[in-house]
Amino acid sequence: MFLCYVVFFLLTSGSSSVEGNPSPVLGDVVVDRYFIPKICVRESKSGDHIRYHYNATFADGKTFDSSHQRGDAKVALLGEGRLLEGIDRGLRGMCVNERRSITVPPHLGYGSTGAGKVVPPDSTLVFDIHLLDVWNQADLVVTKTVTTPKDCKRSVMRTDFVRYHFNGTLLDGTVFDSSYTRKQTHNTLVGEGWLVKGMDEGLLGMCVGEIRNIVIPPFKAYGEKGSGSEIPPQATLVFDVLLVDLHNPKDNITVEELVVPDTCTRRTVAGDYIRYHYNGTFLNGVTFDTSYQRNSTYNTYIGMGYVIPGVDQALLGLCTGQKRRVTIPPRLAYGENGAGDVIPPSAVLVFDIHVIDFHNPNDTVDIRTTYRPESCNETTKENDLVRYHYNCTLVDGTLLFSSHDDDNLQSVVLGTDKVIDGLDLALRGMCVEEKRLVTVPPHLGHGENGATGVPGSAVLVFDIELVSFEKGVPPGYLFVWLQENPPNLFEALDINSNKEVPQEEV
């Protein structure tokens, strides 16, 4: 061990005896560049720091020193007299990953005095060199954009929080770390000392989806100490970075209106119950959930903590039919913990929301008379037998049922619980030939469970026209009437029918 140390020290020092006792052997360093990499970004020069492995032998091939045996590469500064002159000359003009053999004559090595008991006087030395790294104190962090998204609305600034994937290598290509092998992004603040200085600089200006190559000189990485067994001292680091996510801890939700209806008589408020479709993606566009695949809306109360805070905010002030894109920072979504295997920690979420309908639990039936005859002596009330036509739609206009399809005139006795409560109320106080547009909230319709052909918690819209009615039908008369009109009315009153749509249940 002591012998290796002595040789290592001697190889890094100039020899004054060489100058005082010049070797009779003249000539210069002989360089054999037996492997030159296809890509050479830079060549070593005076003033550069280099890191290299070597085997040192005499001319007869006998080894007297080796960095490989010690397991640590040599770090040196060129052109400053800290190396044997022959080695200093022979190391110049090298590329990273180049391999060369350097033959150093005695007068450019240890001369006529040699080096202790290790190197005899007047020895010709042969060094097999593998250059691993080269850098200069004047180097800057070098970034190169490999790919960039077409649409970049925001780029990384200091104090931002980012999530990114990376492959980390030394300058010679040796891999020292990769987020891909861990199957999780690296999550960190930028410009707050959480990263090495070079990475703090290299991430600035990146867009989500961008891939960037970042080369960091040692003094802006881990410097003289290195890091553990993976990153040696004075190592240049190379990162291939894919930016996955970006936000600032001070961010609030951002809202982009995609479709706003021309008319809007009512907007959502806290306490309303809403049905909406959504697509949920990350900032990089990867979908994590969608209601469309389930072919079912998401139904919830607004402003009552049933959904993440960002969505609660985003659902306020909306009209039926409105489409809105909302970007939600992690603190208003699932935070640092994420949600199972679906939402990573500290993830920004993007929701494209389409409002289908909404109502308030305190809503009553909304009745608008669209036509009323001038002559109206009598109107319908409880126990009257009414006959009517109707169209039933969802709020967005989707047709569910219609009595006009087969001219299937509907009949029901009001107040007998044979139609939904909202429709029973809407059919009262009508004149013959009167037309009404009626909006029925779910609690006066089919409720949370819905019915065959009717979604759960759906607001229903009825366009009804009263054809005729009979006042105060007595029970005996109704029984006779039922016998005389079995096909239509029995179907209308049979709420347990196995038919696809019991008409009057609507």
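Just so you know, these numbers come straight off a predicted model, no measurement behind them.
Using a 30° and 60° split on the angle between ring planes, H247 and F161 fall in the tilted class, from 30° to 60°. Ring pair Y180/H165 is parallel by interplanar angle, where below 30° counts as parallel and above 60° as perpendicular. Relative ring orientation between H389 and H404 is described as parallel, the plane-to-plane angle staying below 30° on a 0-90° scale split at 30° and 60°. Ring planes of F176 and F239: perpendicular class, angle over 60° (limits at 30 and 60°).
The side-chain heavy atoms of V162 and T188, taken from C-beta on, include a pair separated by under 4.5 Å. V438 is not listed as a side-chain neighbour of L423, based on a closest heavy-atom distance of 4.5 Å or more.
Within the structure, every pair that satisfies the salt bridge (charged side-chain N to carboxylate O under 4.0 Å, His left out) test and touches residues 220-233, not counting sequence neighbours, is listed here: E201-K220. Sorted by first and then second residue, the disulfide (SG to SG under 2.5 Å) pairs involving residues 156-189 (not counting sequence neighbours) form an empty list. The salt bridge (charged side-chain N to carboxylate O under 4.0 Å, His left out) pairs that include a residue from residues 236-247 are R163-D245, where partners are two or more places apart or lie in different chains. Annotation: salt bridge (charged side-chain N to carboxylate O under 4.0 Å, His left out) contacts involving residues 338-366, sequence neighbours excluded, comprise R266-D363, R275-D357, R325-D352.
Salt-bridge annotation for D384 and R428: absent, with no side-chain N of the basic residue lying under 4.0 Å from a carboxylate O of the acidic one.
With sequence neighbours excluded, no residue forms a salt bridge (Lys or Arg N to Asp or Glu O under 4.0 Å) with K150.
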List the atom pairs, with distances to 0.1 Å, where a side-chain N or O of residues 300-321 and a protein N or O form a donor-acceptor pair under 3.5 Å, not counting sequence neighbours.
| from | atom 1 | to | atom 2 | distance (Å) |
| --- | --- | --- | --- | --- |
| D312 | OD1 | G303 | N | 2.8 |
| D312 | OD2 | G305 | N | 3.2 |

